Amino acid sequence: MMETLEAIFTRRSIRKFTGQEVPETIVETLLKAAMYAPSAKNEQPWHFVVIRRRATLDEIQKFHPYSKMLAQAQLAILVCGDEKQEKSPGYWVIDCAAATENILLAAHGLGLGAVWLGIHPRLERVDLIIKLFDLPVHIHPHSMVALGWPAEIPSQPERFLPERIHHEKW
Ligand SMILES: Cc1cc2nc3c(=O)[nH]c(=O)nc-3n(C[C@H](O)[C@H](O)[C@H](O)COP(=O)(O)O)c2cc1C
């Protein structure tokens with residue numbers, strides 16, 4: 001397992017995967033990492049749908065324009081926000097983003113490859129995901145993470161931009 005800062009600095013989106021199986025125990029660790037994300041008022045307003053069925057992974061590619069990597073992915077995790085868990089309306093979007101990032105970092109730390117697929121706020125994707133997964137009315141699809149063992153080595157460009165940092169005032 002990687003050290004925290006190393007995982008943060010070396011995580012990149014992986015869109016090419018080997019065909020090797022991802023064990024259920026690892027998937028559970030990713031979901032646990034997601035559930036340890038911070039959330040507004042600690043409401044933890046999330047649910048996760050684990051998708052391994054090939055037919056479903058292929059169906060998503062028909063309407064999601066940037067999801068072709070699902071053809072090679074071993075699985076995907078759909079991150080959803082639960083309106084009923086919220087006392088602060090609207091924070092599910094931010095909370096689910098934190099959970100999604102935790103999945104990405106945990107996956108990378110375990111040597112897996114992963115990429116975030118955007119769903120919210122693209123209504124056409126939201127509607128089709130709701131239908132495909134029979135989501136109840138209070139459950140909002142937020143993002144999806146495609147996962148598998150990496151079959152590419154991404155570059156590591158410098159991203160630290162001192163000019164984006166402001167001290168005390170703008
Ligand atoms: C909100 C959000 C939506 C994204 N949607 C997609 C997507 O639909 N398909 C995809 O291949 N990558 C998607 N990405 C991944 C970004 O393209 C990627 O994070 C960005 O290019 C930076 O590269 P890195 O992840 O390697 O650091 C998304 C990332 C975020 C944060």
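Both counts, for ligands and for their atoms, begin at 1 and track the order of listing. Here the structure is a predicted model, which means the values were calculated and not measured.
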(request) Give the numbers and elements of all ligand 1 atoms closer than 4.0 Å to a heavy atom of Arg11. (result) 24 (P), 25 (O), 27 (O)

(message) Quick test of your reading: applying salt bridge (charged side-chain N to carboxylate O under 4.0 Å, His left out), list the pairs with at least one residue in residues 1-17, sequence neighbours left out, ordered by first then second residue.
(response) none

(request) Looking only at distances, please establish whether an N/O atom of ligand 1 is found under 3.5 Å from an N/O atom of Gly118. (result) yes

(message) Is it the case that atom CD in Glu163 sees more than 12 heavy atoms from other parts of the structure closer than 6.0 Å?
(response) yes

(request) Just let me know how Lys68 lines up against ligand 1, side chain, backbone, both or neither, with a heavy-atom cut-off below 4.0 Å. (result) neither

(message) Using the side-chain hydrogen bond (donor to acceptor under 3.5 Å, both in side chains) criterion, which residues pair with Arg122? Sequence neighbours excluded.
(response) none

(request) Taking only heavy atoms of Met69 into account, list the atoms of ligand 1 that are under 4.0 Å away from them. (result) 11 (O)

(request) Starting from atom 27 (O) of ligand 1, locate the nearest protein heavy atom and write down its residue, its atom name and how far away it is, to 0.1 Å. (result) Arg159 NH2, 2.8 Å

(request) Report the nearest protein non-hydrogen atom to atom 1 (C) of ligand 1: residue, atom name, distance rounded to 0.1 Å. (result) Trp116 NE1, 3.4 Å

(message) So if I count the atoms of ligand 1 from 1 in the order they appear, which ones are less than 4.0 Å from some heavy atom of Val115?
(response) 10 (C), 11 (O), 12 (N)

(request) Answer yes if the side chains of His120 and Ser143 hold a donor-acceptor pair under 3.5 Å, and no otherwise. (result) no

(message) Tell me whether Arg15 has any N or O atom under 3.5 angstrom from an N or O of ligand 1.
(response) yes

(request) Could you check atom 9 (N) of ligand 1 against the protein and tell me its nearest heavy-atom contact, residue, atom and distance included? (result) Tyr66 O, 2.9 Å

(request) List the closest protein heavy-atom neighbour of atom 8 (O) of ligand 1: residue, atom name, distance to the nearest 0.1 Å. (result) His64 CE1, 3.1 Å

(request) Step by step, work out the side chain to side chain contact (heavy atoms under 4.5 Å, CB included) result for Arg125 and Met144. (result) CA-CA 11 Å; Arg125 296 180 202 168; Met144 190 173 278; over 6 Å; no

(request) Tell me which protein heavy atom sits closest to atom 20 (C) of ligand 1, plus the residue, atom name and distance to 0.1 Å. (result) Ser13 OG, 4.6 Å

(message) With side chain to side chain donor-acceptor pair (under 3.5 Å) as the test, pick out the partner of Asp82 among Gln44, His47, His140.
(response) His47

